[in-house]
Amino acid sequence: MMTWLTEWWSGGAAVVEPATLRDAARLAHLHGASFHRGWGEAEFEVMLTERNTLVHRLRMGRKTIGFAVSRIAADEAEILSIAVAASHRGRGLSRNFLLTHLGHLAGRGVRTVFLEVEETNQPARRLYQRAGFSVAGRRERYYRQPGGDQLNALLMRRDLS
Ligand SMILES: CC(C)(COP(=O)(O)OP(=O)(O)OC[C@H]1O[C@@H](n2cnc3c(N)ncnc32)[C@H](O)[C@@H]1OP(=O)(O)O)[C@@H](O)C(=O)NCCC(=O)NCCS
């Protein structure tokens, strides 16, 4: 748990807010630093204007240090991406961020949430497991690494109610 001192040191408590078009460049930067195939600013601009796409930013002080993107279809949603800046990982910030994002999905009428995660991505798997997701399937050699390696994906699911 954060004390006032660590909060002060790290620039304040983390705040979850809807992202806006003005965040597109920063989110593209964060995404590019977290994933092999980064989404560009233009891709974020499109997602930020689509009504069925929910994008939140995680802000600490004046700095955006994370994002979560989900796409909604009727009463189901898929988490397309979530990331916290490498400099702020390992502090437990992601769980409250994800749970807040899920709360907003529930508020939009979503009842079931799906996501895919690379099988060896332990921080992400623990995050999702602790946030109530369970494994619903496995896809062999689903992700192709830049070096040519193929990695398995797990399909995870959580009901919201
Ligand atoms: C996944 C991610 C959002 C987690 O954010 P975070 O704020 O660092 O998460 P936390 O500090 O809450 O750690 C999450 C869990 O992973 C564990 N963890 C952290 N680093 C780890 C590591 N290197 N190996 C194994 N477990 C690790 C933590 O102990 C924690 O588990 P716990 O709650 O049981 O203690 C962040 O690592 C990230 O942005 N990764 C790159 C993008 C990504 O892979 N996104 C998910 C795509 S599906």
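Order of listing sets the numbers, starting from 1, for every ligand and every atom in it. The analysis underlying the following values was restricted to heavy atoms, covering all of them including side chains, and did not include hydrogens, waters or symmetry mates.
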Inset, instruction - Return yes or no for this condition: an N or O of Val84 is under 3.5 Å from an N or O of ligand 1. - result: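 N/O-N/O distance below 3.5 Å exists for this pair.
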Legend entry - side-chain hydrogen bond (donor to acceptor under 3.5 Å, both in side chains) contacts touching residues 117-127 (sequence neighbours left out):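 Every pair satisfying side-chain hydrogen bond (donor to acceptor under 3.5 Å, both in side chains) with a residue in residues 117-127: Glu118-Thr120, Glu119-Arg138, Glu119-Asn152.
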Inset, instruction - Return the orientation label for the Trp39 and Phe44 ring planes: parallel under 30°, perpendicular over 60°, tilted otherwise. - result: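 Rings of Trp39 and Phe44: tilted, 30 to 60°.
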Side chain, backbone, both or neither: the part of [X] lying under 4.0 Å from ligand 1 by heavy atom:
X: Arg130; result: side chain
X: Phe67; result: neither
X: Arg126; result: side chain
X: Asn121; result: side chain

Legend entry - atom 8 (O) of ligand 1 - nearest protein heavy atom and its distance: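 Answer, as residue, atom name and distance: Gly90 N, 2.7 Å.
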Inset, instruction - Could you tell me the residue and atom name of the protein heavy atom closest to atom 27 (C) of ligand 1, and the distance to it rounded to 0.1 Å? - result: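 Going atom by atom, the protein heavy atom closest to atom 27 (C) of ligand 1 ends up being Pro123 CG, 3.7 Å.
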Legend entry - Flag for Ser94-Arg130: side-chain donor and acceptor within less than 3.5 Å: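 Ser94 and Arg130 do not have a side-chain donor-acceptor pair below 3.5 Å.
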Legend entry - ligand 1 contact by Phe97, heavy-atom criterion under 4.0 angstrom: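 No, Phe97 has no heavy atom closer than 4.0 Å to ligand 1.
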Legend entry - Contact atoms of ligand 1, heavy-atom distance to Leu93 under 4.0 Å: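 Answer for ligand 1: 7 (O).
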